[in-house]
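Below: the structure, in structure tokens.
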4 protein chains.
Amino acid sequence: MPRKVDSAARRDMILGAAVRVFARQGFAATRVDDIAKEAGVAKGSVYLYFDSREALLTAAFEAYEAGSRTLIQQARTGTGDALERIASLVRSVVGMVSAEPELTRILVDLWAEGRRGDASPVDIAAVYRDHRAVIAELLAAAEAQGTLRAGVGEGHAAVVVGAIEGCLLQWIVDPALPITDLATPIVEVCVEGLRRRERV
Amino acid sequence: MPRKVDSAARRDMILGAAVRVFARQGFAATRVDDIAKEAGVAKGSVYLYFDSREALLTAAFEAYEAGSRTLIQQARTGTGDALERIASLVRSVVGMVSAEPELTRILVDLWAEGRRGDASPVDIAAVYRDHRAVIAELLAAAEAQGTLRAGVGEGHAAVVVGAIEGCLLQWIVDPALPITDLATPIVEVCVEGLRRRERV
Amino acid sequence: MPRKVDSAARRDMILGAAVRVFARQGFAATRVDDIAKEAGVAKGSVYLYFDSREALLTAAFEAYEAGSRTLIQQARTGTGDALERIASLVRSVVGMVSAEPELTRILVDLWAEGRRGDASPVDIAAVYRDHRAVIAELLAAAEAQGTLRAGVGEGHAAVVVGAIEGCLLQWIVDPALPITDLATPIVEVCVEGLRRRERV
Amino acid sequence: MPRKVDSAARRDMILGAAVRVFARQGFAATRVDDIAKEAGVAKGSVYLYFDSREALLTAAFEAYEAGSRTLIQQARTGTGDALERIASLVRSVVGMVSAEPELTRILVDLWAEGRRGDASPVDIAAVYRDHRAVIAELLAAAEAQGTLRAGVGEGHAAVVVGAIEGCLLQWIVDPALPITDLATPIVEVCVEGLRRRERV
DNA sequence: TATGAATGAGGATTCATTCAT
DNA sequence: AATGAATGAATCCTCATTCAT
């Protein structure tokens, strides 16, 4: 009779440990042994669930990407004032920091890994392309709703995404920065910076 | 004296080679041998000018930091409309991408390295602290000039810095993104998002 | 009793699988997992019947040795013209290739393993000592029968064994070689090379 | 000024050490560290001259092959009685055991490695194909000279090669076997087994 | 100063073997 | 008896750094 294990749960457990260690030390400085220790298993066991150290980062990316996709989906399926929906998306993304601080801290490793381009399975560029796409869609909707000021286009979507990610970046590099307090300023700058100026 | 000049030039030459290779392959994937080859010197010669592979990244950081400090200085010493000076700063930082693309592409490695906190000589957090500080100063000036809308504070400075760095990030990760075209949108979103709404 | 039979059959089944995989990939490149898969059992089950991976090779050797002993026995118990009995032995050994190709292909692993000398339970040297011994006995008989030419001794027995094994070797290394066609040439060279030259 | 080293000599020195260790322990049981120790260098230095542990075996094969080619060349360029030239070749090959005992003892590893077929750079099969080819040529010459008995063909060439290699094999597996004493018996059996029977 | 051969610590990965179920 | 998850020792190879010339 084989030992009973929930293979998926085990995998998740190890991945969770890996993410914690990556968040703490950075991917480059993380040894497979560190991960095994954090997970409370032997080094070899890590390889029962992941092909390589690299694969753990990729899996972390996939987890991040999945969360990201959910947020994007929500933004897409929402209704109502388009600029308000952008504001919600901003708050959701920033909210992820509290929900998943480790996964967020890994972002910098994903950027570094994803920069290699097609050579890497970490296609972080695609994630941001998607982000820009939703924002652009919402901006188009805002335009239709007449709430947008003139001359807003693709570039502005990149700026909104940039504002969010750039704030995450500052927090990653300096955890003392009160990232959760930034959601409102981001919304204010971005949404108000795009909203049509009311005539009196 | 001529010796010293030569020596400094040689150091710069090697550092330049290192930066190019870092930009191409990323710090983690860069071997000291790659740098030596790019510089056209022997591996051992690299160590005549730098203590370690790590030191090359630190030196690159210092170069980046110096450039950054110059921009900050310019923003501080400037005069005139405060919001316009913010706009200039934004354009300057984005302009650095064209001027020094390699140094910019290295940013991601600096973020990764700098994240280690006090353990690392790459204090990238300080750079962004400084950036936020100037922006905050300029915002205060704008407030005094009456061009700022109400309720703007520290957080908004972080957003402006975030918008810039977040756009750089997107470009690093996806060089197809037309980063230079983003200067204007960034300015529009940030400056207009902060400017006081004119009454007619 | 039925248990015992089952057990022995199971052992043989696993050994057979091991031999097939060894023949295919070579001992060094064979994982216990490969053997388990070939046998259709779990990896752990292999260890219920064999102490170690090494033990499987040893068991294969024992099977080979048993077959070899049978042939030797037949050669010893035979009667009639001594040179003819040598010819028969040659044909029998070469015939084993068709009968047990996998076991034959493993020979090279047995040679490698057996070379370690006393440290190894694979005493392939003893097998060849035995082969040489029978051949020598038969040569002595031939001498008594007056069919042998003068000056034939121990060394010639080694040559006969060598001719056989050397042909197997060439086939192992190059399966395109039509090994079964070689039985007759081996017999011709060896037997005629030893037979007394008839006076007319 | 670079350290002066004769790179080729260094390579040969390390290869020599590797061959000695392979001969002693077998390829499978040889660690790169063992080779380094035998050569009196650090482990890493081995990799300055060889790509991998495997490459050392390949290089050993190439050395063996080169020697083999020389012998073949000599056999081809010789003149005189064809059967006598076969006898010389036999003696030369057997003589290699005294000249290069370690290289000879490695043969079994080359056989094991070479058995993998096209996947391996150790094309030992080609070596034996060449050996058979020369022997076949010499047999054809003998036939033309009228010294050969009827019905001799390709297969007989394989037998001659087999007799030689099979004797080496017995020595490898059992160094107590007086291999040098076997040259004469091999010649007697093979040459006399192929020579035309004189009528009185 | 410059070189590049030499070093050896370090770390990812493999896989024979064990053992809880 | 059978399983296959878990283990961790073993080993290949890399590469930052040193140093003799």
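Only heavy atoms go into these numbers, but all of them, side chains included; no hydrogens, no water, no symmetry mates.
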Practice task
Output yes when at least one side-chain N/O atom of C/R31 is less than 4.0 Å from OP1 or OP2 of E/dA16, else no.
Solution key: yes

Practice task
Report the nucleotide, chosen from E/dT3, E/dT7, E/dA12, that has the shortest atom-to-atom distance to any side-chain atom of B/A42.
Solution key: E/dT3

Completion exercise
Residue set satisfying salt bridge (Lys or Arg N to Asp or Glu O under 4.0 Å) with B/R20, at least two apart, ordered chain then number -> B/E38

Completion exercise
What residues 46-58 of chain D contributes to the DNA chain E interface at heavy-atom separation below 4.0 Å is D/L48, D/Y49

Practice task
Could you tell me whether the phosphate oxygens of E/dA2, OP1 or OP2, come under 4.0 Å of any side-chain nitrogen or oxygen in B/R10?
Solution key: yes

Exercise for the section: Before giving the answer on side chain to side chain contact (heavy atoms under 4.5 Å, CB included), spell out for C/L15 and C/F50 the whole-Å C-alpha distance, their side-chain angles and the decisive distance to 0.1 Å. Expected result: CA-CA 9 Å; C/L15 178 56; C/F50 296 90; 3.9 Å; yes

Completion exercise
Correct closest heavy-atom pair for B/I172 and B/R105 would be O-NH2, 2.8 Å

Practice task
Could you walk me through whether C/I35 and C/K43 pass side chain to side chain contact (heavy atoms under 4.5 Å, CB included), step by step?
Solution key: CA-CA 8 Å; C/I35 296 169; C/K43 183 160 48 160; over 6 Å; no

Exercise for the section: Calculate the interatomic distance between B/F27 atom CZ and F/dA16 atom P; express it in whole Å. Expected result: 9 Å

Handout entry: Ring-face cation contact, A/F27 with A/R53, 6.0 Å cut, 45° max
Key = yes

Handout entry: Nearest heavy atoms of A/I14 and A/L56, plus distance in Å
Key = CG2-CD2, 4.4 Å

Handout entry: N-O pairing of A/D109 and B/R115 below 4.0 Å
Key = yes

Handout entry: Heavy-atom donor-acceptor pair, D/K43 side-chain to E/dT7 base, under 3.5 Å
Key = no

Handout entry: Spacing of D/I35 atom CD1 relative to E/dT7 atom P, expressed in whole Å
Key = 15 Å

Exercise for the section: With pairs defined as Watson-Crick or G-U wobble and both distances under 3.5 angstrom, please note down DNA chain E as a dot-bracket string, | for pairing with another strand. Expected result: .||||||||||||||||||||

Practice task
Could you state the atom-to-atom distance from CG of A/D6 to C1' of F/dG4 in whole Å?
Solution key: 16 Å

Problem - Audit row: B/D123, B/V127, side chain to side chain contact (heavy atoms under 4.5 Å, CB included) steps and yes/no - result: CA-CA 7 Å; B/D123 193 357; B/V127 171; over 6 Å; no

Fill in the blank from the handout: Ranking C/A28 and A/D33 by the position along DNA chain E of their nearest nucleotide, the one closer to 5' is A/D33

Completion exercise
Between B/V19 and B/A60, the two heavy atoms sitting closest are CG2-CB, 3.9 Å

